[in-house]
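The chain is numbered in sequence order, starting from 1.
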Amino acid sequence: MARAEPMRRDWLAKTLAGSLLGLTLGLGCSAVFSLLATGLPLAVRAQLAMWMVAPIWLGTLSGCFCFADGWRAWRTLGLANLAVFGIWALLRLVS
């Protein structure tokens with residue numbers, strides 16, 4: 001049976017990916033939520049959009065250490081950011 005490749009320890013690359021791309025991912029998810037939740041009163045929608053950034057950011061920062069290396073963390077989180085901001089752009093065009 002083949003052994004799995006051990007995790008490499010490029011903590012700096014993973015930490016920077018989780019910090020920078022996690023923040024932008026949280027902000028993007030907040031923006032998408034704000035565009036989709038137009039049925040909510042503005043005060044409620046703004047509070048929910050504001051407070052959802054921190055859990056997404058910290059969850060992404062925590063999860064980035066599960067990647068095998070820093071390059072995979074950057075690539076995956078970068079693609080997630082592209083997807084979220086692409087959805088945000090499409091929603092802005094539609095509304």
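Expressed to the nearest 0.5 Å, how far CG of Leu23 lies from CG of Leu77 amounts to 12.0 Å.
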Output a table of donor-acceptor pairs, distance under 3.5 Å, between side-chain atoms of residues 83-95 and any protein atom two or more places apart or on a different chain; print 'none' if there are none.
from: Ser95; atom 1: OG; to: Leu91; atom 2: O; distance (Å): 2.9

Let me check something: any side-chain donor-acceptor pairs from residues 43-67 under 3.5 Å, sequence neighbours excluded? List them with distances.
from: Gln47; atom 1: OE1; to: Trp51; atom 2: NE1; distance (Å): 3.1
from: Trp57; atom 1: NE1; to: Ser19; atom 2: O; distance (Å): 2.9
from: Thr60; atom 1: OG1; to: Ile56; atom 2: O; distance (Å): 2.7
from: Ser62; atom 1: OG; to: Leu58; atom 2: O; distance (Å): 2.9

Original post:
Run the side-chain contact (heavy atoms from CB on, under 4.5 Å) check on Asp69 and Trp74 step by step: do they pass?
Top reply: CA-CA 9 Å; Asp69 59 13; Trp74 278 97; over 6 Å; no
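Cluster partners of Leu42, using a side-chain heavy-atom cutoff of under 4.5 Å among ILVMFWY residues and allowing indirect links: none.
Of the possible polar contacts, one joining the Thr24 side chain to the Leu21 backbone as a donor-acceptor pair under 3.5 Å is found. Of the possible polar contacts, none joining the Ser34 side chain to the Ser30 backbone as a donor-acceptor pair under 3.5 Å is found.
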